[in-house]
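Remarks on the structure that follows.
Please read all numbers here as calculations on a predicted model, not as lab measurements.
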Amino acid sequence: MATSPSHLGVLQIEPTDHCNLACAMCAPHAERWETVHGVPKGFLDPSLFQHVLDGLVAEDCRFDHVILQWLGDPSLHPALEEFVATAGRTLRGRVGYLRFDTNALTFGPERVARLVARRDPEVPLLVVFTLDAATADTYTRVKGRDGLARARRHVRALLSARARMPPPHNLHVQVQFVVQPGNAHEAGEFLRYWTDALTCHGAGHGHAEILFKRLSVGGGAAGQAEADRLYERTMTRFGIVPVEGDALSVRVWSERPWQRDDAHAARTACPGLWFTPVVRQDGHLLMCCADLRGELDLGSLADTSFRTLWDGEKATRTRLAHLAGRFEGACAGCGGINWYTLGPEHAAAARARGVALGIEA
């Protein structure tokens with residue numbers, strides 16, 4: 001269910017926008033865009049990463065959680081394990097947990113060992129494996145290349161390493177299945193396989209989840225309703241329902257955002273503009289993880305502080321436009337995020353900031 005964030009929401013920091021797959025659901029890589037955000041692809045400099053984290057501490061910024069990933073696979077960055085360690089050490093007490101998402105293809109046993117050895121054991125870490133298939137043929141079809149067997153081996157390597165870790169048991173695992181036309185028929189088999197694997201390796205050593213996720217069509221663009229219907233039919237067909245357990249849970253997405261197919265419904269301001277800041281691999285701060293082409297670029301954190309940009313004129317004008325019912329540029333056809341809700345106090349704060357900056361509401 002959507003919730004109101006306790007602090008500044010979720011911060012995504014992108015180690016790289018390179019990816020070694022071409023997933024059908026990911027336009028930038030499936031269509032092989034030369035640039036992902038309108039800037040050359042690259043890798044986040046470790047010194048810039050530390051600078052960004054230090055700036056967040058200096059301004060007392062706190063987040064529900066921090067995700068070390070955006071549009072690439074972070075395991076392609078050779079310093080990912082060190083990024084996890086640095087973020088834990090620097091942001092301890094300022095984040096609920098850390099997270100990174102990976103296809104696992106390059107995250108083998110040696111890197112798993114480094115991660116376990118270097119991460120801050122006091123800061124919970126969630127590792128999300130994006131798998132989306134139960135057979136090799138389907139994996140190749142939806143992910144763009146063969147790799148399911150390797151991905152499974154690497155997930156099991158992490159589970160085995162986790163089972164040997166001493167307390168606290170706060171290294172958590174999630175395996176994801178994004179329901180789409182090329183793989184929906186395998187949802188039941190995916191659930192059976194990972195229920196067995198995670199139960200065998202996971203009991204008593206941290207939590208594990210199997211997530212069945214809705215396909216996002218352009219962030220809620222035309223065609224989203226069709227994808228939602230496929231998702232709902234698939235959950236019903238295989239009897240997939242939420243299950244809460246101490247060691248293993250099954251999660252489904254019941255929430256859905258406003259979308260262009262919902263012409264009869266009134267659209268409201270997107271919570272993402274308040275609660276989903278993203279740091280691109282070059283250190284620029286953007287307002288939303290659905291802004292693939294970088295239109296909501298607020299500036300560089302290399303030379304300007306987070307709060308200066310996040311509470312600045314461009315960000316405030318964009319929020320006020322949403323509150324006034326104007327959805328322009330990257331927001332025009334997007335359905336918005338649906339894991340946070342926007343409270344009246346957040347809207348009031350944006351309007352007050354607009355007054356302070358001399359901006360017309």
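Annotation: side chain of R94 is in contact with side chain of D60 (closest heavy-atom distance under 4.5 Å). For the pair D64/V10, no side-chain contact is recorded, criterion being any heavy-atom separation below 4.5 Å from C-beta on. Put simply, the side chain of V173 reaches to within 4.5 Å of the side chain of F129, judged on heavy atoms. Two residues are said to be in side-chain contact when any heavy atoms from C-beta on lie closer than 4.5 Å; L125 and V84 meet this criterion. Considering only heavy atoms from C-beta on, L298 comes within 4.5 Å of W310 through its side chain. The shortest side-chain heavy-atom distance between V95 and H65 does not fall under the 4.5 Å cut-off. Side chains of L21 and T130 form no contact here, defined as non-hydrogen atoms less than 4.5 Å apart. By the 4.5 Å heavy-atom criterion applied to side chains, F190 and N183 are not counted as neighbours.
Counting only distance, with no hydrogens or angles, the side chain of Q224 and the backbone of L215 share a donor-acceptor pair below 3.5 Å. The backbone N or O of W274 sits nowhere less than 3.5 Å from a side-chain atom of Y340 that would complete a donor-acceptor pair. Checking side-chain atoms of R62 against main-chain N and O of G93 turns up a donor-acceptor pair under 3.5 Å. In this structure, R353 contributes its side chain and D311 its backbone to a donor-acceptor pair below 3.5 Å. Judged purely by atom type and a 3.5 angstrom limit, Q69 has no side-chain atom pairing as donor or acceptor with the backbone of D101. No donor-acceptor distance shorter than 3.5 angstrom exists from the side chain of T16 to the backbone of P74, with no hydrogens or angles considered. A donor-acceptor pair is defined here as one N or O able to donate and one able to accept, closer than 3.5 Å; such a pair exists between the side chain of Q180 and the backbone of V178. Between the side chain of W70 and the backbone N or O of V279 there is no donor-acceptor pair closer than 3.5 Å.
Closest approach of Q281 and F43 over heavy atoms only: OE1-N, 3.8 Å. Between S249 and H207 the shortest heavy-atom distance is OG-NE2, 2.9 Å. Summarising the geometry of D146 relative to A136, their closest heavy-atom pair is OD1-CB, 4.4 Å, with the distance given to 0.1 Å. Nearest heavy-atom pair, R319 versus A350, reported as atom, atom and distance to 0.1 Å: CB-CB, 4.3 Å. Residue E81 comes nearest to L115 through the heavy atom pair CG-N, 3.9 Å, listed as atom of the first residue, atom of the second, then distance. Across F306 and C61, no two heavy atoms sit closer than the pair CD2-SG, 3.8 Å.
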Item checked: Worked verdict on F238 versus L191 for side chain to side chain contact (heavy atoms under 4.5 Å, CB included) -> CA-CA 9 Å; F238 294 106; L191 177 61; over 6 Å; no
Next item on the list: Would you please test M235 and V179 for side chain to side chain contact (heavy atoms under 4.5 Å, CB included) and show each step?
Entry: CA-CA 9 Å; M235 297 300 98; V179 177; 4.0 Å; yes
Margin query: The test is side-chain hydrogen bond (donor to acceptor under 3.5 Å, both in side chains); show your working for H37 and E14 and say whether it passes.
Written below: CA-CA 12 Å; H37 311 287; E14 181 179 66; 3.1 Å; yes
Next item on the list: Apply the test side chain to side chain contact (heavy atoms under 4.5 Å, CB included) to residues V57 and L91: give CA-CA distance (whole Å), side-chain angles for both, the deciding distance (0.1 Å), then the verdict.
Entry: CA-CA 7 Å; V57 172; L91 299 178; 4.1 Å; yes
Margin query: If you apply the rule side chain to side chain contact (heavy atoms under 4.5 Å, CB included), what do you find for H185 with R237, and how did you get there?
Written below: CA-CA 9 Å; H185 62 289; R237 173 185 175 186; 4.1 Å; yes
Notebook entry, point to check: Do R233 and T236 pass the side-chain hydrogen bond (donor to acceptor under 3.5 Å, both in side chains) test, and can you show the C-alpha distance, the side-chain angles, and the key distance before you say yes or no?
Noted result: CA-CA 5 Å; R233 288 197 306 269; T236 300; over 6 Å; no
Next item on the list: Dump the intermediate steps for side-chain hydrogen bond (donor to acceptor under 3.5 Å, both in side chains) on T135 and D137, then the final yes or no.
Entry: CA-CA 6 Å; T135 65; D137 287 347; 5.9 Å; no
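With rounding to the nearest 0.5 angstrom, the CD atom of E313 is 4.5 Å from the CD1 atom of I359. Here the CE atom belonging to M287 is positioned 8.0 Å from the SG atom belonging to C331, to the nearest 0.5 angstrom. Rounded to the nearest 0.5 angstrom, C200 SG and L248 CG are separated by 12.0 Å. Interatomic distance, CZ of R119 versus OG1 of T86, reported as 14.0 Å (0.5 Å rounding). A distance of 13.5 Å separates NE2 in H77 from OG1 in T102, rounded to the nearest 0.5 Å. To the nearest 0.5 Å, atom CD of residue Q50 and atom CZ of residue F83 are 10.0 Å apart.
Side-chain contact check for T138 and R141: at least one donor-acceptor pair (N or O, by modelled atom type) lies under 3.5 Å. With 3.5 Å as the limit, one finds no donor-acceptor pair spanning the side chains of N20 and D73.
By the 30° and 60° cut-offs, the orientation of the rings of F275 relative to H346 is perpendicular.
Under the 4.5 Å side-chain heavy-atom criterion for grouping Ile, Leu, Val, Met, Phe, Trp and Tyr, L320 is connected to L273 within one hydrophobic cluster. Cluster membership check: F212 shares its hydrophobic cluster with V155, using side-chain heavy-atom separations under 4.5 Å among Ile, Leu, Val, Met, Phe, Trp and Tyr. L323 and F327 fall into different hydrophobic clusters, defined by Ile, Leu, Val, Met, Phe, Trp and Tyr side-chain heavy atoms under 4.5 Å apart, directly or through other members. A single hydrophobic cluster is seen to contain both L131 and V112, as judged by linkage of ILVMFWY side chains at heavy-atom distances under 4.5 Å, directly or through other members. L301 and L296 fall within the same hydrophobic cluster, defined by Ile, Leu, Val, Met, Phe, Trp and Tyr side-chain heavy atoms under 4.5 Å apart, directly or through other members.
Classification of E209 and R251 as a salt-bridged pair holds, one side-chain N sitting under 4.0 Å from a carboxylate O. With salt bridges taken as basic N to acidic carboxylate O contacts below 4.0 Å, one links K143 and D132. Salt-bridge annotation for E186 and R192: absent, with no side-chain N of the basic residue lying under 4.0 Å from a carboxylate O of the acidic one.
Within a 6.0 Å radius of CG in D246, no more than 12 heavy atoms belonging to other residues, nucleotides or ligands are found. Counting non-hydrogen atoms of other residues, nucleotides and ligands closer than 6.0 Å to CZ of R293 gives a total of 12 or fewer.
Y97 and H172 have their aromatic ring centers separated by at least 6.0 angstrom. In summary, the aromatic rings of F107 and F100 are positioned with their centroids under 6.0 Å apart.
Cation-pi geometry between R152 and Y193 is satisfied (NZ or CZ under 6.0 Å from the ring centre, within 45° of the ring normal).
When each of D297, D17, D291 is checked for a salt bridge (Lys or Arg N to Asp or Glu O under 4.0 Å) with R280, only D297 meets the rule.
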